[in-house]
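Worksheet: the structure to be examined is printed underneath.
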Amino acid sequence: MTDKTATTSMDKLESLCKRRGFIFQSSEIYGGLSGFWDYGPLGCELKRNIRDAWWDDIVRRRSDVVGLDCSIIMHPRTWEASGHTTSFVDPMVDCRTCKKRYKADSLTDEQGAKLVFTEGALRLPEGVKCPACGSRDLTEPRAFNLMFKTFVGPLEDESAAVYLRPETAQGIFAQFPNVLSVSRQKVPFGIAQIGKAFRNEINPRNYTFRSREFEQMELEFFIKPGTDQQWHDYWVQSRLDWYRTIGLPEDALGKYVYDKGELAHYASACVDITYAFPFGAQELEGIAARGSFDLTRHQEFSGKSMEYFDQESNQKFIPHVVEPSAGVDRIALAVLCEAYCEEYAPKAGMDSPAIPCLPGTEPPDGYEQRTLMRFSPRVAPIKVAVFPLLKNKPDLVAKAREIYDELKIHWSCFLDEVGAIGRRYRRQDEIGTPCAVTVDFDTLDDNAVTLRDRDTMKQERIGVSELKDKLRSILDVS
RNA sequence: GCGAGCGUAGCUCAGUGGUAGAGCUCCACCUUGCCAAGGUGGCUGUCGAGGGUUCGAGUCCCUUCGCUCGCUCCA
C-alpha cells in the first residue's frame, strides 16, 4: 500500500513521535545509524507498558508459565543446533543487468545446476541465467550473514567468534532441563522471555518496523506429542484476544495461516497475527507449532538429554512446543499507528461534539484541528495529568501538587502549571493521556475537582476523596 | 546491495553563486476564571558530514552518512 494518505500519516506519526519524545533515531548527532532506534521518555513508558501487559498475562496471571532471562551471547554451537548458522548465511547472487537478487542455491536448483565449491569459495556453474531478464551477467555468490558476529576475549580469532542472538527462543530451549528441574512444572507448561535480539537486516524499512536491534516477547509452551493442534489453536485465539487489551481492535488485526508448503519441514502449523499498518498488513507475532525439532537438535548437538518423564503415562518423550513469538517494537508501532487521530474539535464556547477530520478538508467555522493519541489506558505512557487552573494563584498550585503527589504513587502522572488551560489539555491529548484533573477556585471550598476525558473532552466534577476510586475504574481495566 | 529522489531551527518548510529566513513549538514575564486566546521579550542552526571549484558555496562538483520510494531480502 503506497497511497498518499498512508504515507502522509506515517510522516505525521514519525514527526509527532520525535517532537513529543516517543522515538528518536539512534546516534542522531552522528548522522544516525540505519535500523537502530531509541525510545524517548514517553516511548520507553509505552514499551514498558506493553512488556508489562504481556508479562502479567503470560507469566504472572498463569500458574503454568514461568519466566527466564538469558544472556544475549550464547555458545556458538547453539546456532549450529538451531540452524541459524547455515540458514542465515545464504549466498546471494545479483543480476548486473536487471539488478534483481537471488539466493544462489535456489537459482541453481531451479535451473538443474549445482553450485561449485573451489578455492574456498562458492562459484556459479556455467550457463546459469537470470530468471527475470535472461542475462548471464551475474555476480559470484556472496554471503550475507544476518547474524551479528563479535569475539569473546581480546583476540579477534575465529575460535573466539560468537553471535548476538537472532532470537530469544534458543536460550529457552537450551535451559529447558534446568528450568524443568527447578520450577516443579509438569508438561504442559511454558517458559517465557522478553529480551533484545539482533538481525543484520539487508534493508531496514518502514520506520521501526524492521530494525536490526529489536525486542522479542517469546513463549515456548511445551506439550505432550499429539496435542500440538489443540494447543496451537488455543494460543492463536488467546493471543488474538490479548491485543484487544492493549487497544488494537479486532478489525485492525488479521491472521495469516501458512500453507503446508510454506511451513518449515518440522513445523505442523504456523499463524501470523498481522496489523493493518498504513504501509500494509504486517506481522506482529507468529505462533508456530514446532514439534520436537528444537529440543531434539539441542539434544543431538549437546549430548544432553532433553527428555521429559511423564508420570501419568509412565513414558519418556521429548516435549513438542508451541511458540507464540511477538515483537515489542512492532506492537509499539502498531499501538502508535492505531492511537494517532486527527479531528475537528469545537472551539471555546461551542457545545458540540468533535467531528472527523477528512483529508483535504478545512475545519468548519467554530472548529479547529485537534491531534490526539487514543491510547488504551493500559499502554498510555502517562495516565493522569494534574493542572491548577491558573498558575499565579498559589493556593491552586499547592492543592494541585498535593493531588499530584498522592496520585503519582499509583499511576504515571504529569503536573503542568504552565500556560493556558486549553493548551495544557491539548498537549496531553497529543501524548495520549486519558485523564486530566483540574483544580479550580471551587476546589478550595468544596474539595472537588474536574475530571476531563481525553476522547470526548467531557468534564465531570468529582470529590477529591472519590478521585482514586474513579480513576481506578477508568485506568485499571485489564 | 542496486536505481531514483531528498537532507536548512525542536517540528513543517521557503531560500535564483553574494549578510541564513518564515510559521508553529519551546522558555520567561504580563494577562488569565475550563479546551492550542492575547501582549512583550527570548533561545535555537557547524544549512547531514568531509573534500573540491570559486574572490565568494545552503546553492555547483566529488566522496560519505542518513532518510524516502522501487528492486532485493525478510525463520
A:E218, A:E167, A:E213 screened by salt bridge (Lys or Arg N to Asp or Glu O under 4.0 Å) with A:K196, the one that passes: A:E213
Answer yes or no: side-chain N or O of A:T450 and base N or O of B:C34 forming a donor-acceptor pair under 3.5 Å. yes
Just the rounded figure in Å: distance from C1' of B:C67 to CE of A:M10. 13 Å
If you pin A:R20 and A:N206 to their nearest nucleotides in RNA chain B, which one's is more 5'? A:R20
Take the angle between the ring planes of A:W231 and A:Y234 and call it parallel below 30°, perpendicular above 60°, tilted in between. perpendicular
Would you mind telling me which of B:C29, B:C11, B:C34 lies closest to the side-chain atoms of A:R19? B:C11
Rounded to whole angstroms, how far apart are CZ on A:F24 and P on B:C67? 17 Å
Is A:R77 close enough and on-axis enough to A:F301, meaning under 6.0 Å and within 45°, for cation-pi? no
Between residues 291-300 of chain A and RNA chain B, which residues have a heavy-atom gap below 4.0 Å? none
B:U32 and B:A57: how far apart are their C1' atoms, nearest whole angstrom? 50 Å
Cation-pi between A:R330 and A:Y275: NZ/CZ under 6.0 Å from ring centre and within 45° of the ring axis? no
Report yes if a donor N or O on one partner sits less than 3.5 Å from an acceptor N or O on the other, where the partners are the side chain of A:N392 and the base of B:U32; otherwise report no. yes
Any idea which of B:G66, B:A37, B:C29 is nearest the A:A420 side chain? B:A37
To the nearest angstrom, how far is A:Q369 atom CD from B:U25 atom P? 14 Å
Contact class for A:D440 vs. all strands (heavy atom < 4.0 Å): base, sugar-phosphate, or nothing? base
A:D11 CG to B:C6 P: how many Å, rounded? 16 Å
Would you kindly give the CZ-to-C1' distance between A:R424 and B:C34, to the nearest whole Å? 10 Å
Want to settle it: does A:R423 or A:L390 sit nearer the 5' end of RNA chain B, counting the closest nucleotide to each? A:L390
B:C35 and B:C43, which share atom name C1', separated by this distance in whole Å: 28 Å
Is A:R427 near enough to B:U25 that one of its side-chain N or O atoms lies under 4.0 angstrom from OP1 or OP2? no
Rounding to an integer number of Å, can you tell me how far A:D429 CG sits from B:C34 C1'? 13 Å
In terms of side-chain heavy atoms of A:K18, which of B:G66, B:C35, B:C11 is nearest? B:C11
How far does the P atom of B:U16 sit from the matching atom of B:C34, given to the nearest Å? 48 Å
With under 30° as parallel and over 60° as perpendicular, where do the rings of A:F222 and A:F176 fit, or are they tilted in between? tilted
For nucleotides B:C13 and B:C47, find the distance between their C1' atoms and express it as a whole number of Å. 13 Å
In terms of the angle between their ring planes, are A:H265 and A:F293 parallel, tilted or perpendicular, with boundaries placed at 30° and 60°? perpendicular
Among A:R370, A:R454, A:R20, find the one that has a salt bridge (Lys or Arg N to Asp or Glu O under 4.0 Å) with A:E430. A:R20
Please measure how far the C1' atom in B:A20 lies from the corresponding atom in B:U31, and state the result in whole Å. 35 Å
Between A:K393 and B:G33, is there a contact of a side-chain N or O with OP1 or OP2 at under 4.0 Å? no
Kindly list each side-chain donor-acceptor pair under 3.5 angstrom involving residues 391-399 of chain A, sequence neighbours excluded, with atom names and distances?
| residue | atom | partner | partner atom | Å |
| --- | --- | --- | --- | --- |
| A:K399 | NZ | A:E402 | OE2 | 3.4 |
| A:K399 | NZ | A:N447 | OD1 | 3.0 |

Atom C1', compared across B:C62 and B:C24: separation rounded to whole Å: 37 Å
CA sep, side-chain torsions, deciding dist, call: A:T438, A:I421, side chain to side chain contact (heavy atoms under 4.5 Å, CB included): CA-CA 9 Å; A:T438 301; A:I421 188 73; 3.9 Å; yes
How close or far is atom C1' of B:U68 from atom CZ of A:F279, stated in whole angstroms? 14 Å
Roughly how far apart, to the nearest Å, are B:G58 and B:G51 at atom P? 13 Å
Using the side-chain heavy atoms of A:S34, tell me which of these nucleotides is nearest: B:C69, B:C34, B:G66. B:G66
Give one of base, sugar-phosphate or nothing for A:S15, where a contact means two heavy atoms less than 4.0 Å apart. sugar-phosphate
So that I can compare with my own list, what are the stems of RNA chain B, taken as at least three consecutive Watson-Crick or G-U pairs with distances under 3.5 Å? B:1-7 with B:65-71, B:10-13 with B:21-24, B:26-30 with B:38-42, B:48-52 with B:60-64
Establish whether the base of B:C34 is bridged to the side chain of A:R452 by a donor-acceptor pair shorter than 3.5 Å. no
Rounding to an integer number of angstrom, what distance separates B:G33 and B:G42 when you compare their C1' atoms? 28 Å
When A:M373 is tested against each of A:L13, A:I431, A:L46 for side-chain contact (heavy atoms from CB on, under 4.5 Å), which residue passes? A:L13
Taking A:K383 first and then A:E45, would you say they form a salt bridge - that is, a charged N and a carboxylate O separated by under 4.0 Å? no
A:W242 six-ring face occupied by A:R239 cation (under 6.0 Å, within 45°): yes
Taken to the nearest whole Å, CD/A:E430 to P/B:A36 is 14 Å
